[in-house]
Each structure stands twice: as structure tokens, then as C-alpha cells.
Amino acid sequence: MDLLALADFNLVARHGGFGKAARATGRPKATLSRRVGELESSLDLRLFERGARSLKLTEEGRALFERTGALLAELDETASAIASGGQRPRGRLRISAPLLFSQTAMGRIAAGFALKYPEVRLEVTTEDRPVDMIEEGYDLVIRVNPDPDESLVGRAFLRDRLVVVASPDLPRASGGLAAPGVARWAGDRQTWHVKTQGGRSTIAIEPVLALSMLIMVRDAVRAGVGAARLPISLVAHDLADGTLVLWGDIDGPEIALWALYPSRRLLSARVSAFLNFLKQAFPNGMPDELAAYIGR
């Protein structure tokens with residue numbers, strides 16, 4: 001495939017027309033049209049639907065644009081970095097991050113990164129769903145306890161743990177009775193397995209409130225409506241101040257936040273810079289370091 005023709009195709013697709021691309025770059029419109037036509041002939045595909053006054057990508061054209069745009073941008077950035085004598089982070093950096101981490105820490109982290117690397121255009125999208133990094137054009141994703149994926153590599157940069165907390169005024173249930181609880185989904189009576197200094201035990205919980213966001217759950221627990229399972233980083237200040245009390249650690253695996261990127265790509269300077277920035281923000285990867293980002 002002719003990379004120059006592919007670059008011209010991406011140029012026209014990005015600007016939405018031959019005339020617009022020509023005016024934006026100073027390239028002759030006829031040259032752009034000819035090279036895109038040559039690319040279509042070599043692929044035996046129609047990449048644009050050409051109307052009298054409009055130009056639209058075909059389904060095949062859109063797929064080619066989505067898959068090659070980022071790769072061409074990386075090639076351009078690499079060439080620019082080599083020409084300037086170093087791998088200076090620059091260009092667009094798209095990150096997907098989970099909701100709670102975004103709410104509590106990502107704003108300050110993103111701002112600090114933007115100040116340090118002004119040539120990087122950082123875009124952060126908040127979502128808890130699994131994303132397809134290649135299809136959706138992400139350079140980096142942050143995920144909690146991700147499933148193994150051979151196409152992704154990365155590192156765990158932060159660890160947390162779940163605890164059961166409640167208002168000091170809420171009596172802990174005993175004798176088979178259930179304590180009121182705040183859950184993330186509506187349901188029947190639950191049993192939470194916890195570890196304390198005295199050993200392992202179970203806590204019977206009767207959900208009285210269902211809230212989908214952990215910050216909402218924490219605020220409801222602060223109001224005394226019931227006990228809840230929450231990351232200790234989210235309630236560390238409350239425990240230190242005595243406004244909440246600890247009923248035990250959840251008996252289960254720890255929470256690990258991973259920064260992941262596609263293994264088939266070379267690690268770009270901007271992704272490497274952001275990974276290093278995360279390491280500086282959380283040098284030991286402990287819950288108290290995340291708690292420092294969370295207001296009382």
C-alpha cells in the first residue's frame with residue numbers, strides 16, 4: 001500500500017472533503033483527488049461516496065480511516081521526535097478511566113500532566129465498561145482488576161482494599177439478626193465475610209438502600225442509614241476522624257488498578273510519560289496515596 005496515498009486519504013477524510021483538505025494544507029485539490037483515486041484502485045474499493053456537493057466515507061472507507069489514522073499520527077510523531085533529536089511527548093493522548101478513580105483523582109492528575117507536558121493533548125473519558133482500545137482509538141486504559149488479555153500489557157500502579165464501615169451510632173447486628181446496609185444493587189439479605197483482629201466472621205446485611213455510585217454509598221453511610229462495603233481509600237479520612245468505624249476487611253482479593261496499552265504497538269513517548277507520571281503520583285501504590293486526593 002502506498003503510504004503517501006494513504007496519508008492523503010486520511011487528510012481528506014479528516015477534513016471532510018478534497019477542497020477543505022486542499023485549503024487547510026496548501027496541497028492541490030487535483031493531486032489529492034488523483035492520489036485517493038489511485039488508492040481506491042489499488043485496494044479495489046470505493047472509499048468515498050461522491051455527490052454533487054458532498055463527500056462521505058463508505059463503510060470500508062470509515063474502517064480504513066479509523067484503523068490507520070492513529071498509526072499514521074504515530075509515524076509522524078516518531079519522525080518529528082527523531083528530527084528534533086529526542087522523544088519529547090507530543091500529540092493526542094486518549095485515556096479511558098473508571099468512574100471512581102476519575103471522580104477522586106484523575107482531575108488533578110490530568111491537570112498536573114497537562115502543565116508538565118503542554119504539547120500533549122490529553123483527553124480522558126470516564127466509563128466502567130470494557131473498551132476496545134484499537135477500535136475506539138484509546139492509547140491507554142485504566143481498569144480495576146482487569147481480566148487477562150493477551151493483546152494488552154501494562155502494570156498495576158495502585159492497590160486498595162474493601163472494608164465494611166458504618167456510622168458509630170449504628171449498632172452491629174448479632175445473634176443472627178441483620179444490620180441495615182447500603183448496597184450497589186437492590187436485593188435480598190446478604191452475608192458479608194470479613195477479617196478482623198479477632199479472626200474471620202460474617203455480617204448479615206439487610207439492604208435498605210441501593211445506590212449505583214460508590215461516592216453516593218459513602219455519603220449515605222455517613223448519614224447513618226446503614227453499613228456498606230467501600231474502598232478504604234474512600235473512607236480513610238472518615239475512619240481517622242471517627243465519623244465512621246471499621247467493622248472489618250472484606251475477606252477476598254485486593255483491588256488493583258492497572259494501566260494498560262496495546263502490546264502490538266511501540267510504547268509512544270506520550271504514553272510512557274503518563275505511566276511515569278502515575279508512578280510519581282503513587283510511588284508506593286498504597287491506598288493512603290489515593291486517599292490524599294480525596295477531600296474530607
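Positions are given from 1, in the same order as the sequence printed here.
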Transitively linked via ILVMFWY side-chain contacts under 4.5 Å: L3 with L45? yes
Between V208 and P180, which heavy-atom pair has the shortest distance, and what is it? CG1-CB, 3.9 Å
Given E49 and K56, is the salt bridge (charged side-chain N to carboxylate O under 4.0 Å, His left out) satisfied, shown in steps? CA-CA 5 Å; E49 295 284 0; K56 294 195 306 182; over 6 Å; no
Closest non-hydrogen atoms of V245 and L239, given as atom of the first, atom of the second and distance, are C-CD2, 3.7 Å
Would you call E60-R46 a salt bridge at under 4.0 Å N-O? no
Over 12 foreign heavy atoms within 6.0 Å of CG, D132: yes
Nearest 0.5 Å please: distance from the CZ atom of F282 over to the CG atom of L257. 8.0 Å
Measuring from E119:CD to R90:CZ, what's the distance to the nearest 0.5 Å? 5.0 Å
Are L214 and W185 joined in one hydrophobic group, where the rule is that I, L, V, M, F, W and Y side chains link up if heavy atoms are under 4.5 Å apart? no
Return the minimal non-hydrogen interatomic distance between W247 and P171, and the atom names on each side. CH2-O, 3.9 Å
Under-4.0 Å salt bridge between D8 and R27: yes
Judged by atom type as modelled, is there a donor-acceptor pair below 3.5 Å linking the side chain of D249 to the main-chain atoms of V163? no
For a side-chain contact (heavy atoms from CB on, under 4.5 Å) check, start with the C-alpha distance between H193 and T191, then their side-chain angles and the critical distance, and finish with the verdict. CA-CA 7 Å; H193 301 277; T191 300; 4.3 Å; yes
Are the side chain of H237 and the backbone N or O of I294 linked by a donor-acceptor pair below 3.5 Å? yes
Would you say M286 has more than 12 foreign heavy atoms packed within less than 6.0 Å of its CE? no
Which atom pair, heavy atoms only, marks the closest approach of K195 to I250? CE-O, 4.2 Å
For P168 and T243, work out which heavy atoms get closest and say how close. CD-O, 3.2 Å
Backbone of G137 reached by a side-chain donor or acceptor of R94 within 3.5 Å: yes
Between the side chains of E66 and R62, is the shortest nitrogen-to-carboxylate-oxygen separation below 4.0 Å, so that they form an ion pair? no
Can we say R67 and E136 salt-bridge, meaning some charged N sits less than 4.0 Å from an Asp/Glu carboxylate O? no
E289 side chain to N284 main-chain N or O, any donor-acceptor pair under 3.5 Å? yes
Please check this pair: side chain of R92 against backbone of R121, looking for a donor-acceptor N/O pair closer than 3.5 Å. no
S233 and R161 side chains, donor-acceptor separation under 3.5 Å: no
Is it the case that the ring center of F9 lies less than 6.0 angstrom away from the ring center of F48? yes
Determine, step by step, whether L6 and L64 satisfy the side-chain contact (heavy atoms from CB on, under 4.5 Å) criterion, reporting the C-alpha distance in whole Å, the side-chain angles of both residues, the deciding distance to 0.1 Å, and the verdict. CA-CA 9 Å; L6 184 61; L64 184 65; 4.0 Å; yes
Pair F157 + F277: ring centers closer than 6.0 Å: no
Could you give the distance from CD1 (I95) to OG1 (T125), rounded to the nearest 0.5 Å? 9.5 Å
Can you tell me how far apart CG (D238) and OG (S167) are? Round to the nearest 0.5 Å. 10.5 Å
Does the pair L234 and T104 meet the rule for a side-chain contact (heavy atoms from CB on, under 4.5 Å), with working shown? CA-CA 9 Å; L234 191 59; T104 55; 4.2 Å; yes
Run the side chain to side chain donor-acceptor pair (under 3.5 Å) test against D288 and tell me which residues pass, sequence neighbours left out. none
What one should report as the nearest heavy-atom pair of P98 and S102 is O-OG, 2.8 Å
Would you confirm whether S33, through its side chain, and K29, through its main-chain N or O, come within 3.5 Å as a donor-acceptor pair? no
Under 4.0 Å between a Lys/Arg side-chain N and an Asp/Glu carboxylate O for R159 and E254? yes
So CG of L278 and CG of N276: to nearest 0.5 Å the spacing works out to 9.0 Å
How many angstroms lie between atom CG of L162 and atom CH2 of W192, to the nearest 0.5 angstrom? 10.0 Å
Could you go through M133 and S96, starting from their C-alpha distance and side-chain angles, then the distance that decides it, and tell me whether this counts as side-chain contact (heavy atoms from CB on, under 4.5 Å)? CA-CA 9 Å; M133 293 190 63; S96 171; over 6 Å; no
Is a donor from one side chain sitting under 3.5 angstrom from an acceptor on the other, for N10 and T68? yes
